[in-house]
Amino acid sequence: MPELPEVETTRRGIAPYLEGKRVTQLIVRDRRLRWPIPEDLAIQIEDQVFTRIDRRAKYLLMHIGGGVLIGHLGMSGNMRLVPIGTPAAKHAHVDIELDSGLALRYTDPRRFGALLWSNDPMAHPLLASLGPEPLSEAFNGELLYQRSRGKRSAVKPFIMDNAVVVGVGNIYASEALFAAGIDPRREAGRISKARYVQLALEIKRILAYAIERGGTTLRDFTGGDGQPGYFKQELFVYGRGGELCKVCGRTLSECRLGQRSSVYCSSCQR
DNA sequence: CGCGACTCCTGCCGGC
DNA sequence: TGCCGGCAGGAGTCGC
């Protein structure tokens, strides 16, 4: 479910309902996420006020009290606001009840996500060595070109490496490579600067468009306001192995790169 | 040290 | 209809 546009859509959806609100109670039904939810989290956030909701890569940074609640949605997580007292469905692991009468509910069937606490999130090991944000000026074709020199791995896992650029997951990596006409299997270190300039532009364009549309709806993703976004029908290659290329009409190929399924058009992408 | 493989977990889908 | 294997939007960690 969550790639960067989904996380940003979540941030925009929840921020207005958190900022300025006081936490009345933390309810943890299951602590077992990717890492256990810290035992002292209630002490850190109860009776404190959320001041600002930021995002770094796919991490939500919820400033409150003397630090930051770090949230990650993993593969299957979501955060929604519900009225306090709404019965907890299966996998609704955490409620953060607010003095507004609403609660921020964290639901995550696969429990690959995380809720952590830090006094200094940028120094946190999970955040300290992340690459630039894809929509920032720091990310561009020159950076991809420089960072790729000498790399033997395929270009698709290269652009999905969070140390290179954050927030490019399997869907948008696949779509950006199609848009740039680059075969995802091509060796990262042997791609020209000109092609990386185009690839960076396509990554920015596609991510910005997906954010504008409110994230991809693959199964049941909706933002904080419950509006579904960017539909599967708009994707050119992701999830379309064996179907016909929307541009040239040939059958789309599929392979695995870095243990992730990768669909591409062997005619449009070289 | 770079890179690929493995791992965590539940749900869902297709095939038999 | 039911069971089983495989795969799924992430990403840290391990081992070669």
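Chain letters run A, B, ... following the sequence lines, proteins first and then strands; every chain starts at 1. Note that this is a predicted model, so its numbers are computed, not measured.
- Within the 4.0 Å cut-off from OP1 or OP2 of C:dA8, at least one side-chain nitrogen or oxygen of A:Ser261 is found.
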> What one-letter contact string describes nucleotides 10-16 of chain C from 5' to 3', where B marks a base within less than 4.0 Å of any protein heavy atom, S marks contact via sugar-phosphate atoms alone, and - marks no contact?
Replying inline: BBB----
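- Atom P of nucleotide B:dT10 and atom CG of A:Leu33 are separated by 12 Å, given to the nearest angstrom.
- Rounded to whole angstrom, the span from the CD atom of A:Glu254 across to the C1' atom of C:dG6 amounts to 13 Å.
- In this structure, the CZ atom of A:Arg185 is 19 Å from the C1' atom of B:dC3, given to the nearest Å.
- Using a 4.5 Å heavy-atom cutoff, the side chains of A:Cys268 and A:Phe178 are in contact.
- Atom pair A:Leu257:CG and B:dG4:P shows a separation of 9 Å (rounding to whole Å applied).
- Protein atom NZ of A:Lys90 is 9 Å distant from nucleotide atom C1' of B:dG11, rounded to whole Å.
- One P atom belongs to C:dC3, the other to B:dC9, and the distance between them is 24 Å to the nearest Å.
- No chain of hydrophobic side-chain contacts below 4.5 Å, direct or via other Ile, Leu, Val, Met, Phe, Trp or Tyr residues, connects A:Tyr172 to A:Met160.
- Phosphate contact (OP1/OP2 of B:dG11, side-chain N/O of A:His91, threshold under 4.0 Å): present.
- Taking the ring centre of A:Phe50 as origin, the terminal cationic atom of A:Lys21 falls outside the region bounded by 6.0 Å and 45° from the ring axis.
- Base pairing annotation: C:dC3 forms a Watson-Crick or G-U wobble pair with B:dG15, both donor-acceptor distances under 3.5 Å.
- Side-chain contact annotation: A:Lys58 with A:Asn162, donor-acceptor N/O pair under 3.5 Å absent.
- Phosphate contact (OP1/OP2 of B:dG2, side-chain N/O of A:Lys151, threshold under 4.0 Å): absent.
- Counting any heavy atom pair closer than 4.0 Å across all strands shown, A:Arg152 reaches sugar-phosphate atoms only and no base atom.
- For A:Tyr106 and A:Arg80, the side-chain atoms include no donor-acceptor pair closer than 3.5 Å.
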>> As a quick check of understanding, evaluate side chain to side chain donor-acceptor pair (under 3.5 Å) for A:Gln44 and A:Gln48, giving each step before the final call.
In response: CA-CA 8 Å; A:Gln44 301 293 349; A:Gln48 303 290 326; over 6 Å; no
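- Atom CG in A:Asn78 sits about 17 Å away from atom P in B:dT10, given to the nearest Å.
- Salt-bridge annotation for A:Glu142 and A:Lys193: present, with a side-chain N of the basic residue lying under 4.0 Å from a carboxylate O of the acidic one.
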